[in-house]
Structures are given as C-alpha cells and as structure tokens.
Amino acid sequence: MRRIQKNGDMQAPGVTNNTAVVAVPFAQRLSCTIAEACEVTGLGRTKLYELIGDGHLATTTVGRRRLVLVRSLLSLLQTHSSEAKGA
C-alpha cells in the first residue's frame, strides 16, 4: 500500500525521504540564472545581456535556459572594482 504525502506524491511504505537541502555559497556555485545574476550584481537584464554580447560574461545554455558562469561574473566584478580603486 502506498501513502500519499502532503505534497501529493506517492511513497512506498517503509521508505523515508532523508534528502537534506544544502545551500551552496554563491561564489562556489558553477552557474546562476540571469535573474540571479541581476539580483547579485544589482545590474539590469539589459546591461547583463550587453555584457554577454560584448564577450565580458561567459554563459552556457542548457536546452533553452541561459546560465551565467559564476566565475566569469566574479572576475568581471573584481576587474571593475580594481579599476575603480586605481582610478
């Protein structure tokens, strides 16, 4: 006999779901969505797409989804922060 969980999924008796959700720090993530990149940087979607088009931000696509590579985003921010300090 199967039990119906609160979320509507079926679960076999005696089977427990012990998956823990672990938050990965942003700097350690491999990629993020455009929306997440906007939130983290404070830049708008248009500016991010300009940076992508100019080759300043590396992205990858999985299916129809475009993901920004976090290391590219971090290096862009470090480059611009070091330019601001030197100016």
Side-chain angles (χ1 to χ4, degrees):
M1 177 170 188
R2 293 183 178 209
R3 292 182 285 197
I4 298 178
Q5 297 176 336
K6 290 180 183 177
N7 63 2
D9 290 342
M10 302 287 278
Q11 181 179 359
V15 176
T16 59
N17 187 4
N18 289 334
T19 53
V21 177
V22 178
V24 177
F26 187 81
Q28 293 179 0
R29 292 175 59 178
L30 296 176
S31 64
C32 67
T33 63
I34 296 290
E36 290 170 331
C38 289
E39 184 179 333
V40 169
T41 61
L43 299 173
R45 292 175 60 86
T46 304
K47 186 61 178 179
L48 280 178
Y49 280 112
E50 283 178 17
L51 292 169
I52 292 167
D54 292 341
H56 296 294
L57 269 180
T59 62
T60 188
T61 53
V62 178
R64 294 178 59 186
R65 186 175 189 146
R66 181 180 294 266
L67 298 171
V68 177
L69 301 181
V70 171
R71 71 173 180 267
S72 172
L73 189 61
L74 294 173
S75 67
L76 174 78
L77 295 174
Q78 288 173 348
T79 301
H80 284 289
S81 68
S82 63
E83 286 176 4
K85 288 178 185 177

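FYI, the numbering just counts along the sequence from 1.
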Common cluster, Leu76/Tyr49, ILVMFWY with side-chain heavy-atom separation under 4.5 Å:
yes

Checking Thr59 now: which residues fulfil side chain to side chain donor-acceptor pair (under 3.5 Å) with it, not counting sequence neighbours?
Arg66

Partner set under side-chain contact (heavy atoms from CB on, under 4.5 Å) for Arg64, not counting sequence neighbours
none

Residue pairs passing the salt bridge (Lys or Arg N to Asp or Glu O under 4.0 Å) test where at least one lies in residues 51-61, sequence neighbours excluded
none

For Ala37 and Leu73 the tightest heavy-atom approach is CB-CD2, 4.0 Å

Could you pull out all residues at least two apart from Leu43 that satisfy side-chain contact (heavy atoms from CB on, under 4.5 Å)?
Thr41, Lys47, Leu48, Leu51

Joint hydrophobic cluster, Phe26 plus Val68, side-chain heavy atoms closer than 4.5 Å
yes

Does anything in residues 31-46 form a salt bridge (Lys or Arg N to Asp or Glu O under 4.0 Å)? List the pairs, not counting sequence neighbours.
Arg29-Glu36

Restricting to side-chain contact (heavy atoms from CB on, under 4.5 Å), what partner residues turn up for Gln28, sequence neighbours left out?
Val24, Pro25

Cys32/Val40 under side-chain contact (heavy atoms from CB on, under 4.5 Å): CA gap, chis, key distance, verdict
CA-CA 10 Å; Cys32 67; Val40 169; over 6 Å; no

Could you check whether any side-chain heavy atom of Ile34 comes within less than 4.5 Å of a side-chain heavy atom of Ile52, counting everything from C-beta outward?
yes

Please name all residues satisfying side chain to side chain donor-acceptor pair (under 3.5 Å) with Arg71, sequence neighbours left out, ordered by chain then number.
none

Which residues, ordered by chain and number, are linked to Leu67 in its hydrophobic cluster, where ILVMFWY side chains connect at heavy-atom gaps below 4.5 Å, directly or through other members?
Val62

